Structures are given as C-alpha cells and as structure tokens.
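In this chain, residues are counted from 1 in sequence order. Source: prediction; values computed, not measured. Ligands are counted one by one from 1 in listed order, and the atoms in each one are counted from 1 as well.
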Amino acid sequence: MRDDLSGRIALVTGAGRGIGLAISSGLAHQGIQVAMIDVDPVGLQEAAESVGGSALAVQADVSRPDDVQRAVDQTVEHFGGLAILVNNAGICPMSDFASITEAEWDRVLAINLKGAFLCCQAALPHLRRSGTRGRIVNMASVAGEMGGVSTGAHYAASKAGLIGLSKSLAQLLAADGVTVNCLAPGTTATDLTAAWSEADLARVRDKIPLGRLAQPDEIAQMVCFLVSDKASYITGATLDINGGLYLR
Ligand SMILES: NC(=O)c1ccc[n+]([C@@H]2O[C@H](COP(=O)([O-])OP(=O)(O)OC[C@H]3O[C@@H](n4cnc5c(N)ncnc54)[C@H](O)[C@@H]3O)[C@@H](O)[C@H]2O)c1
C-alpha cells in the first residue's frame, strides 16, 4: 500500500495556533505542502515558517465567502492544486444558555459550521480532481456528541452540525473516491482552553478517565492518518479522541 504523501497539497483553517498549527506541522512533516489559513494575522507568517517546508500563510475569515474563495484560489495558484481540506477553525465563547445573544449564536454558527460549508464548496472542484487522494477532515468536538453545558449550546450545536455536514458530503463524494470524516476531540490544551477558568478545567479533567487533557499533537496524528492511504476505506466516520470521556 502506498503511503507517500509528499507533494500532496492541503489547506488547513485556523492554522495560526493550537490544534491547527499542530496539524499543519504534522502534515508538513509528511512532505505535504500546506496552506495555513487564519483570520488573525498576528504570528501567522511565523507559524508558517515554524512548520517548515513550503507552508503558505493566508489571512482569511472562513465565515466570509469572498475570503474563502480567495484562500482556495491562492492555494491552488501557489501550489498547483488542492487535495486535502482540514476545516479546523472554530471559536468557543463559553456562555451559559440564558446569556447567549442572537449575535453570538450567529457568530459561532457562522465560523464553526458555515465556514466549513463554504470551504468545502469552494474546494470541491479541486478535491474531486484529486479522486481517491481527495480528503476532507472536519474538526467537530465531543461537545457535538454529548452536548456542551460549559462550552455552550451554540458551540455544541455547531459541532453536531459539522457531523451531519460530514456524513452528507461523505455520501455525495464517495463516487469520486473523496473521503470525508470528522474528528471529535475532547478537551485539548490550547489557547482556547487556557481561557477557561481553573474550576471549569478541573471539572472537565475529573471526568476524563485518562486523567488529563489531550495535547494538540495527539489530534494532529489522527489527521495525518486520515489523509494517508492507510485510511482509504474510512469515510463518513466521526472519530473520538477524548481520553475515554465519551464512550459510545
Ligand atoms: N481545545 C479544545 O479543547 C478543543 C476540543 C474539541 C474541539 N476543538 C476544536 O478544534 C479547533 C481548534 O481549536 P483550538 O483549541 O486549537 O483553538 P484556538 O483558539 O487555539 O485556535 C483556533 C484558531 O482558529 C482561528 N480562527 C478563529 N476564527 C476564525 C475565522 N473566522 N477564520 C479563520 N480562522 C479563525 C483563530 O484565530 C485561531 O488561530 C476548533 O474548531 C475547536 O472547536 C477544540
């Protein structure tokens, strides 16, 4: 079985830090050429340089159709194609249900769910051209499976929506050989969780059978597996990486 990923081209959203940066590094380490998309320009170029290889930094907001199309076009123009899309960008405002405003609800859904839809739609022609090497990986969350009281109902709803989007696209793109899967990480040590109170973190940690948060690399390794030829028969799946927090 082939497992040479070198020369393939990937676009990773929310790539400037945290899990997206770890994914970009993991893919670049396999010889994949990576376009790193982030709305926050601060440190994005440095992040791209840190992953090595020929990573391309593109500032874009995944919730804006024009930005998404520009990011995909720039990637294809720069590298000559696009075979792998990792929809990782996401926000988690940690609001209790009663205090979620309509604007906050719309913003969470626009970035976490609509952003993935826009990226999939813009990347679709290129992924289809890649055939059996085409891959989409969507970053859901254990909150999309279990619900999320502390992470917020809007966050949990957006991540549950991503699981539905992934299954729909897996069915649609199977005829082209493109696989579409979802990851559902548990609590992972990044800037996103660094913003949580110690009480929230302790409450979550106490419930994790492995007794610790995930590290970004542990999520990135699963992305590297899913985009490899070893995962050629996995599509429409939601893969749990949660230290035993949620057992189906
Ligand atoms: N950290 C966790 O515990 C955890 C658990 C499960 C799932 N996730 C998911 O993993 C993904 C990455 O999380 P993280 O912990 O690395 O978060 P993070 O906040 O550390 O990084 C997220 C990155 O996404 C970028 N981003 C935000 N809005 C964007 C937009 N509109 N367009 C483009 N980029 C945007 C940010 O600038 C940031 O660089 C998210 O989708 C998150 O929901 C995280």
Side-chain angles (χ1 to χ4, degrees), residues 11-26 35-48 50 57-68 70-72 85-94 104 106-119 122 137-148 150-152 154-163 165-166 182-196 200-201 203-205 207-208 212-220 222-223 238-243 245-246:
L11 185 156
V12 180
T13 68
R17 66 181 196 205
I19 295 172
L21 177 54
I23 292 169
S24 303
S25 295
M36 296 170 63
I37 313 304
D38 207 290
V39 71
D40 185 356
V42 177
L44 182 57
Q45 187 56 43
E46 289 82 347
S50 79
V58 181
Q59 186 197 353
D61 180 342
V62 296
S63 69
R64 300 172 69 97
D66 292 352
D67 275 25
V68 168
R70 175 176 50 78
V72 168
L85 170 65
V86 183
N87 287 307
N88 166 79
I91 59 167
C92 182
M94 299 284 289
E104 186 175 290
D106 287 347
R107 185 159 170 267
V108 170
L109 272 288
I111 294 172
N112 294 8
L113 183 55
K114 187 179 79 175
F117 155 70
L118 292 173
C119 289
V137 181
N138 290 324
M139 197 59 66
S141 165
V142 71
E145 302 173 309
M146 297 175 75
S150 52
T151 52
H154 44 5
Y155 181 79
S158 71
K159 296 301 187 179
L162 264 183
I163 294 172
L165 173 68
S166 305
C182 237
L183 294 187
T187 316
T188 307
T190 66
D191 287 349
L192 186 148
T193 44
W196 294 12
D200 279 332
L201 275 175
R203 203 168 38 243
V204 171
R205 204 184 297 115
K207 290 190 188 134
I208 302 172
R212 64 174 177 83
L213 272 49
Q215 291 301 315
D217 277 352
E218 294 176 303
I219 316 301
M222 185 57 95
V223 176
T238 301
L239 298 163
D240 298 330
I241 316 177
N242 61 35
L245 177 63
Y246 173 69

With atoms numbered from 1 as shown, which atoms in ligand 1 lie under 4.0 angstrom from a non-hydrogen atom of [X]?
X: Ala60; answer: 32 (N), 33 (C)
X: Ser141; answer: 6 (C), 7 (C)
X: Gly18; answer: 16 (O)
X: Met139; answer: 9 (C), 10 (O), 11 (C)
X: Asp40; answer: 37 (O)

Give the residue, atom name and distance (to 0.1 Å) of the protein heavy atom nearest [atom].
atom: atom 40 (C) of ligand 1; answer: Asn88 O, 3.2 Å
atom: atom 36 (C) of ligand 1; answer: Asp38 OD1, 3.4 Å
atom: atom 29 (C) of ligand 1; answer: Val39 CG1, 3.5 Å
atom: atom 16 (O) of ligand 1; answer: Ile19 N, 2.8 Å
atom: atom 6 (C) of ligand 1; answer: Pro185 O, 3.3 Å
atom: atom 8 (N) of ligand 1; answer: Tyr155 OH, 3.5 Å
atom: atom 22 (C) of ligand 1; answer: Gly90 O, 4.0 Å
atom: atom 3 (O) of ligand 1; answer: Thr188 N, 2.7 Å

Compute the minimum heavy-atom distance from [X] to ligand 1 and say whether it is under 4.0 Å.
X: Ala184; result: no
X: Ile111; result: yes
X: Ala15; result: no
X: Pro216; result: no
X: Lys159; result: yes

Does [X] reach the side chain of [Y], with side-chain heavy atoms less than 4.5 Å apart?
X: Glu145; Y: Ile163; value: yes
X: Val62; Y: Ile111; value: yes
X: Val137; Y: Leu183; value: yes
X: Ile37; Y: Cys119; value: no
X: Pro93; Y: Val108; value: yes
X: Leu213; Y: Leu201; value: yes

Do [X] and ligand 1 have an N or O pair less than 3.5 Å apart?
X: Asp61; answer: yes
X: Arg17; answer: yes
X: Val62; answer: yes

Which heavy-atom pair separates [X] from [Y] by the least distance, and what is that distance?
X: Leu118; Y: Pro65; answer: CD1-N, 3.8 Å
X: Met36; Y: Leu44; answer: O-CD1, 4.1 Å
X: Pro216; Y: Thr190; answer: CG-CG2, 3.9 Å

One should read off an interatomic distance between Met222 CE and Met139 CE, to the nearest 0.5 angstrom, of 10.5 Å
**Asked** What do you reckon, is CZ of Arg64 surrounded by more than 12 foreign heavy atoms closer than 6.0 Å?
**Response** no
query = Should the heavy atoms of other residues, nucleotides or ligands under 6.0 Å from CZ of Arg205 be counted, would the total exceed 12?
reply = yes
Closest to atom 14 (P) of ligand 1 (heavy atoms only, candidates Thr190, Thr193, Ile37, Asn138) is Thr190
The answer for which part of Ala140 has a heavy atom under 4.0 Å from ligand 1 is backbone
Within the 4.0 Å heavy-atom cut-off, what Ala189 brings close to ligand 1 is neither
Checklist line | Thr193 side chain vs Asp191 backbone, donor-acceptor pair below 3.5 Å | finding: no
### Query
Is a side-chain donor or acceptor of Thr238 paired with a backbone partner of Cys182 at a separation under 3.5 angstrom?
no
